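One structure is given here, and the rest of the page talks about it.
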Amino acid sequence: MGILEVKNVNKRFGGLQALSNVNLSVAENTVHAIIGPNGAGKSTLLNVLVGKLIPDTGSVMFDGQSVLGRAPYEINQMGISRVFQTPEIFGDLTVMENMMIPCFAKRDGAFELNALTTVGRQSDIVDRAEQMLIDMKMIDKRHMHAASMSRGDKRRLEIGMCLSQQPRLLLLDEPTAGMARADTNNTIDLLKQIKAERDITIAIIEHDMHVVFSLAERITVLAQGTPLVEDTPDKIKGHPKVREAYLGESA
Amino acid sequence: FTNEPTGNSVTLGFNVPQTGPYADEGMDELRAFQLAVEHLNAGGGCLDTFSSKALKGNGILGKEVKFVTGDTQTKSDAARASAKSMIEKDGAIMISGGSSSGVAVAVQGLCQEAGIIFMAGLTHSNDTTGKDKKANGFRHFFNAYMSGAALAPVLKNAYGTDRKAYHLTADYTWGWTQQESIQAATEAIGWQTVNNVLTPLAATDFSAYIAPVLNSGADVLILNHYGGNMVNSLTQAVQFGLRDKQANGKNFEVVVPLYSELMAKGAGSNIKGVFGSTNWSWTLQDAGTQAFVKAFGAKYGFPPSNAAQTCYAQTLLYADAVERAGSFNPCAVVEALEGFEFDGLGNGPTLYRAEDHQCFKDVLVMKGKESPANEYDALEVVEITPRAQVEYAPDHPMFAGGDLGQCNPGA
Amino acid sequence: MNVKPDFSQHANQAATAPAFLSIWDLHAYYGESYIVQGVSFNVHEGEILALLGRNGAGKTSTLRAIARLGNPELRHGEVWLDHQPLHTMSSFQAAQAGLGLVPEDRRIISGLTVEENLKLAQIAPPIGWSVERVYELFPRLGERRKQEGVTLSGGEQQMLAIARALCRDIKVLLLDEPYEGLAPVIVDEIEKTLITIKELGITTVIVEQNAVRALELSDRAVILDTGSVVFDGTATEVLENEDLRAEYLAI
Amino acid sequence: MDDIILQILNGLDKGSAYALIALGLTLIFGTLGVVNFAHGALFMIGAFCAVTLQKLLSFERIEVSATEKTAWGTPLEIRTPYAELWFGHDFGAALIDWSVPLAILFSIPIMLVIGYVMERGLIKHFYKRPHADQILVTFGLAIVLQELIKHYYGANPIPTPAPSVFRGSFDFGALVGFDPGSVIYPYWRMVYFAFSAVIIGAVFAFLQFTTFGMVVRAGMADRETVGLLGINIDRRFTIMFGLAAAVAGLAGVMYTPINSPNYHMGMDFLVLSFVVVVVGGMGSLPGAVLAGFLLGILESFASYSPIKVFFEEWLFLPSIDQIIIYLVAIIILLTRPRGLMGRKGVMED
Amino acid sequence: MLGLDKKDTTLLIVVAVLALFAPFILNPFPTGSAMAQFNAGYPDLMQRFVIFGIFAIGFNILFGLTGYLSFGHAAFLGVGSYAAVWMFKLLGYNVVPGIILSVIVAGIFALVIGYISLRRSGIYFSILTLAFAQMSFAMAYSVLTPITNGETGLQVYSSDTPIFQSATDPTVPHLFGLVMRETYTMKAGAWSFDFNYGYYLCAIILLVAFYISIRIFRSPFGLMLRAVKSNQQRMNYTGLSARPYTLAAFVISGMYAGLAGGLLASMDPLAGAERMQWTASGEVVLMTILGGAGTLIGPILGAGFIKYFENIFSKINETTLHGWFSWLPDPIEDPLVWLLEHFVGGGWSLTLGALFMLVVIFLPGGLVEGGQRLGRMVRGKAKKTEPDTGKSAATSHPAE
Ligand SMILES: Nc1ncnc2c1ncn2[C@@H]1O[C@H](COP(=O)(O)OP(=O)(O)OP(=O)(O)O)[C@@H](O)[C@H]1O
Ligand SMILES: Nc1ncnc2c1ncn2[C@@H]1O[C@H](COP(=O)(O)OP(=O)(O)OP(=O)(O)O)[C@@H](O)[C@H]1O
Ligand SMILES: [Mg+2]
Ligand SMILES: [Mg+2]
């Protein structure tokens, strides 16, 4: 019984069956990768998990509780954080402020009317956000306007924001896309380090096989909305169908 | 008392709409005020015809008359703000002007509190000298009740006693009092009231209200509208061919209880043959009217509107009252104006009634002219309804509920 | 490492050959922030040039400045394409002069079908490939010609973006991270397309995070760092120079 | 039954006006991404084109009488329109009579030029600015335009009648078998409805079936990319702005016989047009037209006194006619997140 | 000081000084001089400056921070005024219950309207608020006349019998006997300055309101509101529910509007329906944008700017102009007066419209931006030699 159990999920968009009978079980404290061709339905599956989409049928259980029908913020409060495919950050705010917001969410919950305290004096939050920026090697950019960062930096910031919430399940949708090689490696190291330090389950979608194979303990291959195979990285690498449909010769 | 003039001049405040839909009317009022100030300072105009000879053409009580102006925007808030600025900043001793009842009532209330005399401009609602009357406020203009009382006999002559009336009424205080007055007056001559439909103030297209009139069994449409509302509703009633129709075997008729020259101009040829009432008309032949129209025409090149005339008259009346009282003290002025009988400002012998500060004088019933000679000649006087016919008791139910209170001289 | 090795001497070698696209001393700003700080390099006719650098190095900004998009604002510098001064033009004139840019996030136009997206490229002169010819190169697009462009999967969108550029008679193709977010098989496919394009004699500048892959395809490479050129030379030089790769590409 | 038909007819012409203004508003919004608070002013300027032409045509020769005086003491003036002097009495009079339809021709170039100048001179600089700035600048412009008109033409409405042949009303009742005279409908309103149907159809055809239309639609979605394809999108947007201005202007010209124009008519329509556009759904042209007619007809029905009475007595909703548009707008927006046919992501943040 | 950092403290002190010395600052010209027309230091206008300042500050908490553009805020102003006048009618002329109730009633009203309207965002939200406000206006003007006194406006009649009004109490609004309309006029040579109780009450409330708004801007709550504006999606997926935040902001700003309405009624006990019309809502939008949305002081500046033009420019007439330019020879004077006449008196809105355009064209970011530029110009001279460090300039402080 994994921490995340997806059973018989179906989702249609008009004439397109984006997800058909998806079953997926993610074991606690593992890194589980989901790979598959473009348009296979990976992001759609993630959207179902975080409450952005409601599936037509099926169930999604997180730690024994159903996530379906809950608002995204409630799902997040259960301990699921998500990094998006196109960076979703607070563009109008500074990097530091971006980092503080998840810290507040973690501490105060979904809503707290603390209108008469001052942000700068919440030392626990400030410390935590700063620590996270240091971990992400972004502390020198703390006063920068988040929107004016390059895309790679935005993505790193977003990962940092999710991590600072100390989620139990972290969903990463192509976290290293467009990231420089060095930073990709940094990110891999960071994820590994976090993985080592605390209990966290990670589900990752990635097209960069370097990332997938360095991190994943199990891999699910999704194609045309259905899981094709699920196995260990080594097995997947050699799987002929996967090679043909997805990896190509260069893998 | 507030703003007692100490130097050798005295300041009057003219608060008229300079922006918004009544801006043209406001401009005409302003012209009249300017003329009145000229005449007060230098003589001429109605000073020569006015029955009271207290004014000498040397200002008021020997002080030169100066004036300040403000923009009411036809909003009570803005009107009060600009009246206050005239009182607080410019030291105005009297406020006059305005082109709507809501504004008049609002400013009248303000003047009462501040201890300033308010000489209302164009305001036609019964409330101004009815439930909202104030000791410091005076109205020269006629009111909705008088319109009804003056119109009814003329309507009876022209259209008979067996008529069914359909009312369209602007959905706010003035519209209601106007409708109530005209309904009472027409029912008194035997007419029936088929329906009264309230129309939104902001409406510009009245076709949806006019269309059902056709099949309602009515044969007269009474438009209790003013300003842009009236121009539009009348225009559209004509477009719908109401005036070419027969109903109950009679010609279908339209009545507009309150006319103004500017509205008549806006409605163009649609007003031909339509009855209504006004406070005054530049076509009157009495000496007071002639003097005013000549002076106004010479200065501006066209004849004055009845809004202008009421403002002119109010200014002279105020000045005269101060002269007669020998003091600018509002309470003295109130005393001088209450029960004051005069003539020579147009409209024949007039009384400023003490009980409610309403002027009683002849009322004009007008009709849209068939072939106007020029653009200022859209209306013709059908009848000058004598004052006696439009008088009412101060405690008439339509005016009940108010209280003049005490005159307030302010600080 | 405190002392940065100086690689810029390489720049002089390239400068001597006749250039097809010549970029000289570009300075570009986002509002008041000074991003492209004096970039100069040449591209020769028919070659593929890889423009490399870390996140935020200014690659995208440079391409956008070349294409005369309003943001960043080009305050100083010259761009010559086949003897035409692009720096005096606005973006549509630059496009008419033969410049094609496939932007970072593909920018397929919503509300238009695949075919309309292509037709749109054939309104202003000079017109390049016919739609039929494009479908020959990309049969997948032909199959989906009536579908709305934005509902294509990521890889298909990338193809459409490249195809759209080919519908115009371009002299230079600028590609900004064409592989990002694509499945490995698709990357292979696009790579093949780029080779075809090269064979057609179109000059290409490619920005790519997967530096090795890009370099294997390219003739020459230019490396940017904080808005200036730090290396200009052949692709093999970069592949062979460990220090260079470590310093600026971290590979 | 006849009353119902009457109310529908009434709703149609009101709806036409809403639809025409809203159409231009969405067009500008959709193509340029600009919230144009001056759009009502364009409608008003269109109406004043008709007034101006009427004035020009009835420009009079003034002969001052040496002896006679007016009642207010100035010398009497004898006025004869030049049009009648030059073109003969009958033709001259006919020209004046037909000034409103003639103003269509007169106004198109004027509105195009105004649209062009406005876009090139002002709006252009606000494409990338926040909507709040656009609102402020176009609102300022609207005030300036209407004040200028006020200075010149005064605040009072100016009667601008339809040609006399259109002045009567048409007996619809007799046509469909009701009592004669029970359903009558002014000719000019029929003209107005037909006219707007033609304009709306033309605009749609233009956008849907021409290459120009496709480019503009593409530009609405992503102007930068369209530029990258070598298309001078700015020029086309300028044309679109001119077109939207012309549509608003024509709506104004034709509206003058229905309501005498005054300087603030633009503002009166502006707010409702915004409601119409939003209820129709931002970025959707058919939505704007649909919502225009829907609200026009609803408004017309709500003014029908049996319905007013019904709402008042049974639903305790007094003065339904004053609030109907807003009430319906609220209901539609609460049940359909993006109005009737709105596009996702347009002006949602 | 007071839990504010140095910069905010300075700002607060500046506003305090401006507010407390307004009677001097706004009356710079000797009475009776030609320029006296431009004096704005009379009680009514000073009160309006601060009251509309409060209104705009509150509006800015919603619009400036969350980006939700309400087109119906005047409804809360109107409701606040009605509530206050009703308190005068029922309880007596002491302003305290009126002001308290106006805030509460406006808050409840805002809660209801906000709860419904905030289901949508962007322009859909704007139109929902507009619709509610227009409905309120239409009803207040007509059917609700028993409560609102319709077109005439709600006022206290002598027939009203307030419970706590004793015979000795003033019959105008007062604060425990301190009559709001009472003014002490100080004469200093040719100058005269008005000190009005009502104004000082409003000014003190403005300072409190401004202080609270600074605290809100700097608080975690304020940060969340800016986060809402920036990216609601991210907010939701960060475990924060945007709705309660926006609703709280909406209610707070509604309460500010109610407070402003209550104060308006306290200074001048009459409440008219047109206070709720869309033009009034539009005015506060314009004030905020003109001053600089999202800045602390901008809304106050914007409110002052618009009210100044409305009240001062509208009162200049031909005679005044002739007075100013009488020293010129007639051939110059007359055309000049003729020209200027179009921009003053009835033409004041032309001037205002033109100024809107000029400000927004040349000072994107509003008057505050203008001030900052000026400041930079002054300071820039000193720093000119310092090299432009490029990227560091990208840092910005959105909430300055
Ligand atoms: N909101 C939507 N409406 C219609 N179709 C959609 C929607 N969202 C996704 N799709 C379609 O569903 C399919 C699956 O999309 P999804 O984004 O899940 O793919 P993916 O596996 O994440 O691909 P990639 O690796 O390219 O990101 C695609 O064909 C996409 O076009
Ligand atoms: N719109 C913008 N406004 C302000 N600064 C920006 C903007 N876009 C980019 N920048 C800044 O310009 C610099 C260069 O960005 P650019 O996008 O050109 O980098 P890049 O080399 O393409 O990086 P990446 O590999 O991450 O795409 C970065 O520091 C970034 O912060
Ligand atoms: Mg995806
Ligand atoms: Mg980039």
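Heavy atoms only: backbone and side chains are in, while hydrogens, waters and symmetry mates are out. On a predicted model such as this, the values are computed, not experimentally measured, just so you know. Letters A, B, ... mirror the listed sequences (proteins, then strands); counts begin at 1.
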Self-check item: Partners passing salt bridge (charged side-chain N to carboxylate O under 4.0 Å, His left out) against D:Lys14 (at least two apart in sequence or in another chain)
Solution: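 Residues passing salt bridge (charged side-chain N to carboxylate O under 4.0 Å, His left out) with D:Lys14: none at all.
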Output the option from [options] having the highest count of non-hydrogen pairs under 4.5 Å with chain D.
options                      : answer
B:Ala23, B:Pro200, B:Gly297  : B:Pro200
B:Gly301, B:Pro304, B:Gly227 : B:Gly301
B:Ile210, B:Val231, B:Asn195 : B:Val231
B:Ala211, B:Gly241, B:Pro303 : B:Pro303

Quiz prompt | Side-chain heavy atoms of B:Leu201 within contact of D:Gln322, under 4.5 Å | solution =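 Not touching, per the 4.5 Å side-chain cut-off.
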Exercise. Kindly indicate whether the side chain of B:Phe240, heavy atoms from C-beta on, has any atom under 4.5 Å from the side chain of D:Ser169.
Key: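 Heavy-atom side-chain distance check fails, nothing below 4.5 Å.
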Quiz item: Pick from D:Pro157, D:Ser300, D:Pro186: which one has the most heavy-atom pairs with chain B under 4.5 Å?
Solution: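 The candidate making the most pairs under 4.5 Å is D:Pro186.
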Practice problem: Between chain B and each of D:Ile158, D:Thr160, D:Asp321, count heavy-atom pairs under 4.5 Å; write down the option with the most. | Solution: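 Of the candidates given, the most pairs with chain B belong to D:Asp321.
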Self-check item: Separation between CG of B:Leu198 and OG of D:Ser303, rounded to the nearest 0.5 Å
Solution: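 The CG atom of B:Leu198 sits 12.0 Å away from the OG atom of D:Ser303.
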Quiz item: So how far is it from B:Gln239 CD to D:Phe166 CZ, rounded to the nearest 0.5 Å?
Solution: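 Separation between the atoms: 13.0 Å.
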Side chain, backbone, both or neither of [X] within contact of chain B (heavy atoms, under 4.5 Å):
X        : value
D:Leu9   : neither
D:Phe301 : neither
D:Pro161 : neither

Quiz prompt | Considering all heavy atoms, the nearest D:Ser260-B:Asn232 contact | solution =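 Shortest heavy-atom separation between D:Ser260 and B:Asn232 comes out as N-OD1, 3.9 Å.
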Quiz item: So which heavy atom on B:Gly20 is nearest to which on D:Ala155, and how close?
Solution: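 Scanning both residues completely, I find the closest heavy atoms to be O-CB, 3.9 Å.
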Modelled atom types, side-chain donor and acceptor of [X] and [Y], under 3.5 Å:
X        : Y        : result
B:Ser207 : D:Asn10  : yes
B:Gln236 : D:Asn259 : yes
B:Tyr22  : D:Asn156 : no

With a 4.5 angstrom heavy-atom cut-off, is it the side chain or the backbone of [X] that approaches chain D, or both, or neither?
X        : value
B:Tyr376 : side chain
B:Thr235 : side chain
B:Ser216 : neither

Quiz item: Sequence neighbours excluded, which residues qualify as side-chain hydrogen bond (donor to acceptor under 3.5 Å, both in side chains) partners of B:Gln290?
Solution: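 Checked B:Gln290 against side-chain hydrogen bond (donor to acceptor under 3.5 Å, both in side chains); matches are B:Gln285.
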Quiz item: Does the pair B:Val238 and D:Arg167 meet the rule for a side chain to side chain contact (heavy atoms under 4.5 Å, CB included), with working shown?
Solution: CA-CA 9 Å; B:Val238 174; D:Arg167 265 178 227 165; over 6 Å; no
Quiz item: Is the closest basic N to carboxylate O distance between B:Asp205 and D:Arg189 below 4.0 Å?
Solution: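 A salt bridge is present here (some side-chain N lies under 4.0 Å from a carboxylate O).
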